[in-house]
Amino acid sequence: MSAERDFRKGLREELLRNGINPYPHVLSLGYVPIKDIVGNPRSGDVVATAGRVAGLRRHGKLVFADLIDDGYRIQISVNSGNVGNERFEWFMRYVNLGDFINVRGELFYTQKGELTINVREYQLIVKALKSPPVKWGHKILDPEVRYRKRYLDLMMTPQVRRIFEIRFNTIAEIRRFMWGKGFIEVETPILQPVYGGAAAKPFITKIQALNEDWYLRISLELYLKRFLVGGFNKVFEIGKNFRNEDIDVQHNPEFTMMEAYQAYADYEDVMRLTEELISTVAEKVIGTTKVSYPLDGSQVEIDLRPPYKRVRMIDGLKEFAGVDVEVLSDEDLKNLLRTHSLSLPGGYDRGRAIAKLFDRLVGAQHLIQPTFVIDFPASSSPLAKPHRLNPEYAERFELYVAGMELANAFTELNDPILQETYFRQEEERRKLGDAEAHPYDWDFIDALEYGMPPAGGLGLGIDRLVMILTGQTSIKEVIPFPMMTRSVTQ
RNA sequence: GGGCCCGUAGCUCAGCCAGGUAGAGCGGCGGGCUUUUAACCCGUAGGUCCCGGGUUCAAAUCCCGGCGGGCCCGCCA
């Protein structure tokens, strides 16, 4: 079917027959990264490097080619006068687009003024059986190919490579920031006998050795809190969470979170930590706190510099949606839910109704600049400590940026009896049909009974933060290998 | 869960409305060319028209069903 692949396979076999290894173990001519060569080029210097052949422009007994190495490009020229006619013809026969070669020669500038390696010696180091999928300098346009074969997307499109450089720099800078604040990075189980820490449907898996059904974690929360019980004061973890829910522009079933817990802190402290973290990381990774983000067809400037606006949930509902829940009866709220075709699985509850209305009427539309939404209804926040001034509310905040929920945080609930009560209420709701109600975690209650210090905790969605920093509106653009239906081809 | 759009050569796409021998550019291969860089010139090969069924003398084209992808809505605090 692919004549080209057959052709190249033939070349590979020909090379092997002639005693030439198309996949040698070492670079016999030496190697300096192209990045270092183009960073400080001196005409006349003899350099050796290697890379993927990204363009071949032949002019009779002379050929120009582009070499790409770790995201950097340099031009080489091979001509029969310098390498000899035999080696020139060998190059033209056996070196194809996409192959890797090792070259040595001196630097010079062409008539057009381009830095170029005048090749004296070369070695084929990888025979590629398939050529690059598109012409060099062009993007792959088919999103399915881009996501399924991300290596091609990375290979062909510098802007895509840049997004992932930002992603992984972001993770590194978060880590650096947290270590700088005295947090210890810990690890907790991904496979758990009871999942918890968020409202979500889990993935179930079978543990053969125990002959039991376990779960993939939906959050990091409950195990990090066990570290606090165990005597660690400041811990954080960066890792994947798994939620068995929809795949869309803001959700991937496996996604990356950073969660942090700090003893003797409350949600006010965590807000300050969060805004400092995000602005510091933005400054380090993209050099600014001002980002441009596409919303409704136009670019909006978002400034991540603190301090961030703070809005109590019920004030936000009043301000942005004209809904004053303090004067509304339960009947009024039920009517509002109906009006907006919202349902509450597990039955009506005033607090969760308020949270739901806020999400629908305020969150996505109105909270573009970084905003802490604070003081959620207690019943919508079963892992948060009740508000010190009014126990109907919880000391909880969510950070919204560009209408997206980026972070979720509490003054952590550490009263084991109240936590147990909340778990029982969640269990009741589960029985009434709320598949996302928190399951009862007996061992976590047991841990709290030994005493967990008062603490503030934070969960930060890394993928969404990277979306903001890179101006991407689909989470698939910031996850290297997003989840797709299993492909049936090949 | 609902809606809209897309699927033709390795890639980007035309052809479909109005059924009649499957096309172009780029890429590949062969030839030419010693300063190009989306090189250029000449030649040439390359197809499960996403899959299955139906209508028809005849289907890439029309109809039905499916698969895959994108976007929007719902749901996911």
Side-chain angles (χ1 to χ4, degrees), chain A residues 1-8 10-11 54-67 73-82 85 88 92-93 96-98 108-116 118 129-148 152 156 198-201 218 243-251 253 313 340-346 349 351-364 373 376-377 379-382 384 394 396 398 400 405 408 434-438 473-474 476 482 484-489:
Chain A
M1 174 167 172
S2 168
E4 181 179 29
R5 183 171 175 278
D6 290 343
F7 178 81
R8 291 183 176 214
L11 291 179
L56 283 169
R57 298 175 289 280
R58 185 176 180 175
H59 307 266
K61 299 290 185 185
L62 162 74
V63 61
F64 288 103
D66 299 320
L67 233 49
R73 188 198 78 99
I74 195 168
Q75 177 168 263
I76 64 170
S77 76
V78 183
N79 76 58
S80 65
N82 288 329
N85 204 50
F88 181 81
M92 294 318 301
R93 174 161 180 77
N96 301 124
L97 278 180
F108 76 108
Y109 288 89
T110 63
Q111 289 173 7
K112 294 279 170 64
E114 176 157 0
L115 182 68
T116 302
N118 183 19
L129 296 187
K130 294 184 174 178
S131 64
V134 297
K135 200 175 172 107
W136 233 280
H138 293 234
K139 297 176 181 178
I140 299 173
L141 297 181
D142 183 347
E144 185 170 0
V145 174
R146 293 187 50 230
Y147 300 149
R148 285 192 196 278
L152 296 177
M156 302 315 298
K201 289 175 230 164
I218 60 169
R243 297 186 184 176
N244 211 341
E245 293 170 357
D246 280 353
I247 302 174
D248 62 35
V249 289
Q250 287 185 14
H251 299 85
M313 178 173 276
H340 295 97
S341 54
L342 296 170
S343 63
L344 284 179
D349 159 276
R352 287 168 52 250
I354 291 169
K356 195 125 190 170
L357 283 168
F358 183 89
D359 269 4
R360 178 57 171 273
L361 301 179
V362 182
V373 176
F376 284 52
S379 64
S380 72
S381 312
R396 171 180 181 183
E398 285 187 351
Y400 280 80
E405 182 194 325
N408 184 19
D434 184 354
E436 301 189 344
H438 293 240
T473 54
S474 168
K476 285 190 169 75
M484 307 278 282
T485 311
R486 177 183 290 122
S487 174
V488 292
T489 56

Take atom [atom1] in [N] and the same atom in [M], then report the distance between them in whole Å.
N       : M       : atom1 : result
rA45(B) : rG30(B) : C1'   : 10 Å
rG46(B) : rC26(B) : C1'   : 14 Å
rC51(B) : rA59(B) : C1'   : 15 Å
rG47(B) : rA9(B)  : C1'   : 6 Å
rC13(B) : rC76(B) : P     : 37 Å
rC75(B) : rC6(B)  : P     : 28 Å
rA22(B) : rA14(B) : C1'   : 11 Å
rC49(B) : rG7(B)  : C1'   : 10 Å

Nearest-Å distance, [atom1] ([X]) to [atom2] ([N])?
X       : N       : atom1 : atom2 : answer
M156(A) : rA38(B) : CE    : P     : 14 Å
K112(A) : rU35(B) : NZ    : P     : 10 Å
Y147(A) : rG69(B) : OH    : P     : 12 Å
I140(A) : rG27(B) : CD1   : C1'   : 14 Å
L141(A) : rG10(B) : CG    : P     : 17 Å
R5(A)   : rG28(B) : CZ    : P     : 18 Å
Q75(A)  : rU37(B) : CD    : C1'   : 6 Å
I247(A) : rG68(B) : CD1   : C1'   : 13 Å

Heavy atoms from C-beta onward define the side chain here; which of [options] lies closest to that of [X]?
X       : options                   : value
R73(A)  : rU37(B), rU36(B), rG70(B) : rU37(B)
N79(A)  : rU34(B), rU37(B), rC75(B) : rU34(B)
T110(A) : rG69(B), rA39(B), rU37(B) : rU37(B)
K356(A) : rU35(B), rC75(B), rG70(B) : rC75(B)
E144(A) : rC29(B), rG69(B), rU35(B) : rG69(B)
T485(A) : rG68(B), rG70(B), rU36(B) : rG68(B)
L62(A)  : rC76(B), rU35(B), rU37(B) : rU35(B)

With a 4.0 Å cutoff (strictly under), does any side-chain N or O of [X] reach OP1 or OP2 of [N]?
X       : N       : answer
K130(A) : rC11(B) : no
R148(A) : rG69(B) : yes
K135(A) : rG27(B) : yes
S343(A) : rC75(B) : no
R360(A) : rG74(B) : yes
R57(A)  : rA39(B) : yes
N96(A)  : rC29(B) : yes

Main-chain N/O of G351(A) paired to D349(A) side chain as donor or acceptor, under 3.5 Å: yes
Main-chain N/O of G60(A) paired with R58(A) side-chain donor or acceptor, under 3.5 Å: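 Checked: pair present.
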Donor-acceptor pair present, S77(A) side chain and rU35(B) base, under 3.5 Å: no
rG28(B) base / D6(A) side chain donor-acceptor hit below 3.5 Å: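 Check fails, no donor-acceptor contact within cut-off.
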Hey, what do you get for [atom1] ([X]) to [atom2] ([Y]), rounding to the nearest 0.5 Å?
X       : Y       : atom1 : atom2 : answer
F376(A) : E398(A) : CZ    : CD    : 3.5 Å
N118(A) : S77(A)  : CG    : OG    : 4.5 Å
D6(A)   : L129(A) : CG    : CG    : 10.0 Å

Counterpart base for [N], defined by Watson-Crick or G-U wobble contacts under 3.5 Å:
N       : result
rC62(B) : rG54(B)
rG68(B) : rC6(B)
rC33(B) : none

Quick one: label [X] by what it contacts on the DNA or RNA (base, sugar-phosphate, nothing), any heavy atom closer than 4.0 Å.
X       : result
R396(A) : base
V249(A) : sugar-phosphate
G81(A)  : base
K139(A) : nothing
F7(A)   : sugar-phosphate
E114(A) : base
D142(A) : sugar-phosphate

Closest-nucleotide ordering on RNA chain B, the 5'-leading residue of E398(A) and F108(A): F108(A)
Residue whose closest nucleotide on RNA chain B lies nearer the 5' end, S131(A) versus T116(A): S131(A)
Stepwise side-chain contact (heavy atoms from CB on, under 4.5 Å) check, T116(A) with Y109(A): CA-CA 6 Å; T116(A) 302; Y109(A) 288 89; over 6 Å; no
Derivation and outcome, side-chain contact (heavy atoms from CB on, under 4.5 Å), residues I76(A) and V63(A): CA-CA 8 Å; I76(A) 64 170; V63(A) 61; over 6 Å; no
Presence of salt bridge, D434(A) and R352(A), under 4.0 angstrom: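 Here R352(A) pairs with D434(A) in a salt bridge, since their nearest N and O are under 4.0 Å apart.
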Between R396(A) and S381(A), a side-chain donor and acceptor under 3.5 Å: yes
